[in-house]
J.: 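Could you have a look at this structure, given as structure tokens, before my questions?
Computed over heavy atoms, backbone and side chain alike; hydrogens, waters and symmetry mates excluded. Chain identifiers are assigned alphabetically (A, B, ...) following the order of the sequence lines, protein sequences preceding nucleic acid strands; residue numbering begins at 1 within each chain.
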Number of protein chains: 2
Amino acid sequence: MAQKPKTRVVVVGGGFGGLTAARRIAGLPVQVTVIDRKNHHTFQPLLYQVATAGLSPGEIAAPIRWILRAYPNVEVLLEEVRDFNLEQQQVITNEGVLPYDYLIVASGATHAYFGHQDWEPFAPGLKTIEDALEIRRRVLLAFELAERQATTAGEQPVLNFAVVGGGPTGVELAGTLAEISRHVLAHEFRSIEPKKTRVLLLEGGPRVLPAYTEGLSRKAQQQLEGLGVEVRTSQAVTRIEPGVVWTGDTRIPAPVILWAAGVAASPLGRRLGVPVDRAGRVSVQRDLSIAGHPEVFVIGDLAALQDQNGKWLPGVAPVAIQQGEWVAKTIARELEHQPRRDFRYNDKGSLATIGRAAGVAQIGRWQLSGYFAWLAWLFIHIFFLIGFRNRIIVMIQWAWSYLTYERGARLITGSNELPGWTKPAEHPVEPALVGKQRVS
Amino acid sequence: MAQKPKTRVVVVGGGFGGLTAARRIAGLPVQVTVIDRKNHHTFQPLLYQVATAGLSPGEIAAPIRWILRAYPNVEVLLEEVRDFNLEQQQVITNEGVLPYDYLIVASGATHAYFGHQDWEPFAPGLKTIEDALEIRRRVLLAFELAERQATTAGEQPVLNFAVVGGGPTGVELAGTLAEISRHVLAHEFRSIEPKKTRVLLLEGGPRVLPAYTEGLSRKAQQQLEGLGVEVRTSQAVTRIEPGVVWTGDTRIPAPVILWAAGVAASPLGRRLGVPVDRAGRVSVQRDLSIAGHPEVFVIGDLAALQDQNGKWLPGVAPVAIQQGEWVAKTIARELEHQPRRDFRYNDKGSLATIGRAAGVAQIGRWQLSGYFAWLAWLFIHIFFLIGFRNRIIVMIQWAWSYLTYERGARLITGSNELPGWTKPAEHPVEPALVGKQRVS
């Protein structure tokens with residue numbers, strides 16, 4: 001009897017959903033291919049720590065190939081998926097085509113500017129390691145340029161940091177930026193006082209962390225303000241220029257503007273021939289497959305699905321992980337000729353960190369804020385970080401940072417130019433004079 | 001009585017020489033300005049570890065501002081020095097001019113192609129964090145592209161790594177690349193066998209590590225060969241194209257070519273109006289000042305000076321550090337109206353690492369090679385690394401890497417393109433066929 005060819009499963013994306021699915025499916029008699037355009041899985045919950053110089057990229061990211069090294073039936077390819085041919089069951093990449101029996105699309109989401117893509121160069125978002133390094137570069141560079149200018153002009157230039165969007169990422173960034181300016185850099189400059197910088201958190205809606213209860217939103221705002229952040233709610237951003245953000249008629253000069261106001265699903269969702277919502281998320285059925293194609297699953301941030309109570313599932317790691325597990329189970333059942341079952345999300349709660357020893361948690365009916373919420377956040381995130389070595393090192397970095405107020409990865413790499421940084425045009429600089437003032 | 005204005009010392013460059021000088025001078029009643037075009041000091045002896053994914057940039061580099069934070073009379077400016085006005089005692093930067101009473105130029109060296117600058121895009125060198133990240137990207141990407149191609153074409157493409165130059169940097173890079181291909185990546189690919197890759201070390205002279213004794217050079221070559229490196233001495237590179245290096249008539253295809261064949265002093269040396277040698281190093285007098293300008297010192301890799309026996313001092317950290325200390329002492333003596341003395345280099349020996357548990361050491365008449373030389377190298381370098389936190393973390397990374405053969409920073413960031421990587425033109429790829437072959 002000829003051997004039956006192995007079932008071929010292609011997984012698009014090495015995030016939480018894709019990796020979980022690949023690992024679980026690896027135990028089945030199938031051939032798995034994981035495709036990602038990056039060679040590494042990024043632990044996104046800690047990305048803001050890279051953006052704020054607390055951790056190095058290598059501490060929160062690991063090669064997908066390394067994560068899956070123990071599964072001989074899993075191959076990993078560094079390619080970019082361009083399209084799908086659902087009829088012929090093929091994935092089309094920049095390199096060629098790959099046939100599949102089952103397809104799992106888990107290509108996630110990216111930050112989105114909702115029709116204002118031209119704002120991106122002036123207000124970078126935070127979804128990849130490269131994004132984080134660019135934000136780190138801008139934040140650190142702003143202080144350096146201010147010091148340089150203050151040495152020359154004799155007075156501290158405006159040094160505002162504007163964070164657009166009061167969701168978890170915006171809150172994390174704003175809280176940590178306040179900590180940096182008030183503590184980390186406090187004694188390292190000679191001509192500027194870093195603590196005179198302002199960190200503004202601009203949120204279009206009435207409160208920060210809108211996914212949490214009103215009580216926790218209030219607590220979060222209080223903690224942010226305690227750290228030194230100016231929280232401005234109901235302030236929709238209407239325009240962004242180099243170094244300037246507008247909320248209606250209010251012009252806010254800010255050498256560093258960070259975008260944490262919205263995400264859109266991966267454009268691959270639109271290539272699946274089924275309806276997508278406004279954010280580009282793909283409508284999936286209760287078994288996580290798409291209409292008309294039971295062999296195609298969409299999971300994680302790319303999937304749009306309501307829970308049993310009609311609430312849309314949020315774009316968070318636990319949803320992606322549970323969906324990855326569910327699809328693996330579904331394929332296992334189908335290989336055993338058993339019927340499919342509906343996915344149910346088991347919500348274990350939400351946690352957000354705000355900054356040094358501050359955070360909020362919502363676990364069932366429990367609500368927690370402040371130091372203990374922060375501690376819970378910290379241990380859960382270190383626990384889920386991939387790789388034992390990373391866990392140890394991140395723990396040391398964290399303890400060190402907590403005790404000494406220092407951050408270990410304060411490197412500016414790449415260009416020393418900051419879009420929107422303008423020398424004071426009112427004071428044309430005459431070299432000889434500059435020299436004199438510099439030693440005054 | 002009016003207060004006498006403070007003596008102004010400008011230090012150009014935050015490497016070993018500049019930092020040592022700034023720290024020692026800070027104890028005097030002077031005003032110190034350190035200028036660098038990077039915000040960080042880079043611990044260059046460990047740069048090859050970043051290039052080979054063993055360490056993260058943040059672990060071997062620290063902000064200059066942070067290193068000098070404890071000295072209130074030291075300011076740090078992120079600027080680029082363009083020129084000097086020695087008559088008016090001014091440093092000219094991209095931002096303006098800075099007057100000085102004493103000037104210490106310690107702007108170091110960079111890798112040089114000796115008239116073949118056009119080779120740089122095809123054979124990057126290793127002097128900065130950015131260089132190291134580019135080399136890391138190319139090395140890791142080459143394996144990914146090979147795997148991708150092998151999946152499609154069914155056979156492993158040529159995957160040679162050519163390291164040009166058999167000095168300490170070339171030896172370190174070649175040894176570690178061999179370790180990566182033979183151990184680190186051995187079990188993570190499905191279509192290629194990483195250990196089939198070849199690492200070639202091309203040296204124009206008759207032996208590797210020419211600054212060491214002949215016996216140690218031989219030992220170094222044996223250790224390299226033991227690690228799997230093909231050492232080719234007396235093989236001068238005559239041409240480099242994308243993905244190809246030529247030694248005479250021999251054409252060596254190599255998707256990754258690394259340049260470790262030569263350094264040239266910073267171009268700032270030529271702005272000082274005194275003779276420079278072929279490598280651009282500035283002739284200094286025995287007190288480390290330049291002829292005609294006792295207030296201008298040149299130290300470190302930028303300085304050309306013979307020791308008591310007429311031997312040129314090498315471009316290594318101990319020379320730069322001792323010269324930095326010496327200039328600080330000279331300024332201190334002069335503030336006390338004492339005469340200058342001549343600099344004498346105290347040679348404590350040389351150490352080079354070759355790869356996993358391999359190295360050579362030359363300490364006075366002592367010669368050491370193998371495991372103990374490597375261990376000595378390791379502890380001395382961790383000891384001199386800046387920052388206690390970095391020392392702890394690098395030690396952990398090292399122990400981990402030694403025990404598990406894993407490397408913690410295997411991230412490809414930036415582009416997925418490799419100059420010189422060519423798909424097999426002999427086999428034009430027909431998409432449908434590719435798909436079939438891929439699942440064969």
J.: Under 4.5 Å heavy-atom distance to chain A, tell me which part of B:Thr404 shows up: side chain, backbone, both or neither.
T.: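 When you check distances to chain A, no heavy atom of B:Thr404 falls under 4.5 Å.
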
J.: Tell me whether B:Asn39 contacts the main-chain N or O of A:Arg410 through its side chain, where contact means a donor paired with an acceptor under 3.5 Å.
T.: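 Such a contact is found between B:Asn39 side chain and A:Arg410 backbone.
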
J.: Using non-hydrogen atoms and a 4.5 Å limit, figure out which bit of B:His187 sits close to chain A: side chain, backbone, both or neither.
T.: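 Just its backbone gets close to chain A.
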
J.: If you round to the nearest 0.5 Å, how far is OG1 of B:Thr151 from CG of A:Leu98?
T.: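 Answer rounded to 0.5 Å: 8.5 Å.
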
J.: Could you tell me if the side chain of A:Gln397 sits less than 4.5 Å from the side chain of B:Arg389, heavy atoms only?
T.: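 Side-chain contact under 4.5 Å: yes.
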
J.: What is the distance from atom CD of A:Glu144 to atom CD1 of B:Ile64, rounded to the nearest 0.5 Å?
T.: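 Interatomic distance, A:Glu144 CD to B:Ile64 CD1, rounded to 0.5 Å: 8.5 Å.
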
J.: In terms of heavy-atom pairs under 4.5 Å with chain B, which of A:Ala62, A:Gly387, A:Pro72, A:Pro57 leads?
T.: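 The option with the most such pairs is A:Pro72.
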
J.: Under the side chain to side chain contact (heavy atoms under 4.5 Å, CB included) criterion, do A:Glu147 and B:Arg65 qualify, and how do the steps go?
T.: CA-CA 11 Å; A:Glu147 173 82 349; B:Arg65 180 176 298 299; 3.9 Å; yes

J.: Answer with side chain, backbone, both or neither: which region of B:Trp400 has an atom nearer than 4.5 Å to a non-hydrogen atom of chain A?
T.: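 For B:Trp400, the contact with chain A is made by the side chain alone.
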
J.: Give a yes or no answer on whether the side chain of A:Arg148 reaches the backbone of B:Leu77 with a donor-acceptor pair at less than 3.5 Å.
T.: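 It does not hold such a pair.
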
J.: Please identify, among A:Val74, A:Leu140, A:Ile392, the residue contributing the most non-hydrogen atom pairs under 4.5 Å to chain B.
T.: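 Of A:Val74, A:Leu140, A:Ile392, A:Val74 has the most heavy-atom pairs under 4.5 Å with chain B.
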
J.: At a heavy-atom separation under 4.5 Å, does A:Tyr71 approach chain B through its side chain, its backbone, both, or neither?
T.: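 Only the backbone of A:Tyr71 comes within 4.5 Å of chain B.
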
J.: CD1/B:Ile393 to CD1/A:Ile393 distance, rounded to the nearest 0.5 angstrom?
T.: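 Output value for this atom pair is 5.5 Å.
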
J.: Where do A:Ile412 and B:Glu130 come nearest, in terms of heavy atoms and distance?
T.: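 In terms of heavy atoms, the two residues are closest at O-OE2, 4.3 Å.
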
J.: With a 4.5 angstrom heavy-atom cut-off, could you sort out which part of B:Leu411 is near chain A: side chain, backbone, both or neither?
T.: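 Contact with chain A involves both backbone and side-chain atoms of B:Leu411.
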
J.: Could you tell me whether B:Arg37 atom CZ has more than 12 heavy atoms of other residues or ligands within 6.0 Å of it?
T.: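 No, CZ of B:Arg37 has 12 or fewer neighbouring heavy atoms, counting only those of other groups under 6.0 Å.
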
J.: Where on B:Leu145 is there a heavy atom nearer than 4.5 Å to chain A: the side chain, the backbone, both, or neither?
T.: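 Contact with chain A is absent: no heavy atom of B:Leu145 under 4.5 Å.
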
J.: Can you tell me how far the CD atom of B:Glu79 sits from the CG atom of A:Asn416, to the nearest 0.5 Å?
T.: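 So the gap between those two atoms works out to 10.5 Å.
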
J.: Give, as side chain, backbone, both or neither, the part of B:Val91 having an atom under 4.5 angstrom from any heavy atom of chain A.
T.: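 Neither part, no heavy atoms under 4.5 Å.
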
J.: Taking side chain as everything from C-beta outward and backbone as N, CA, C, O, which of these in B:Val76 sits under 4.5 Å from a heavy atom of chain A? Side chain, backbone, both or neither.
T.: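 Just its backbone gets close to chain A.
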
J.: Side chain, backbone, both or neither: which part of A:Ser191 has a heavy atom under 4.5 Å from chain B?
T.: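 Answer is side chain: those atoms of A:Ser191 sit under 4.5 Å from chain B.
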
J.: Set out, in order, the CA-CA distance, both residues' side-chain angles and the distance that settles side chain to side chain contact (heavy atoms under 4.5 Å, CB included) for B:Ile396 and A:Ile396, then state yes or no.
T.: CA-CA 11 Å; B:Ile396 293 176; A:Ile396 293 176; 3.2 Å; yes

J.: For each of A:Ser56, A:Ala53, A:Ala70, A:Pro63, tally heavy-atom pairs with chain B at distances under 4.5 Å, and name the one with the top tally.
T.: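 That would be A:Pro63.
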
J.: Please look at B:Leu68 and chain A and tell me whether the side chain, the backbone, both or neither of the residue comes under 4.5 angstrom of a heavy atom of that chain.
T.: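 The backbone, not the side chain.
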
J.: For B:Glu406, which atoms come within 4.5 Å of any heavy atom of chain A: side chain, backbone, both, or neither?
T.: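 Contact with chain A: side chain only.
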
J.: By a 4.5 Å heavy-atom criterion (distance strictly below it), what part of B:Leu78 contacts chain A: side chain, backbone, both, or neither?
T.: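 Both the backbone and the side chain of B:Leu78 come within 4.5 Å of chain A.
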
J.: Grab the two heavy atoms, one from A:Arg69 and one from B:Arg190, that are nearest each other, plus how far apart they are.
T.: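 Heavy atoms only, the tightest pair is O-NH2, 3.2 Å.
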
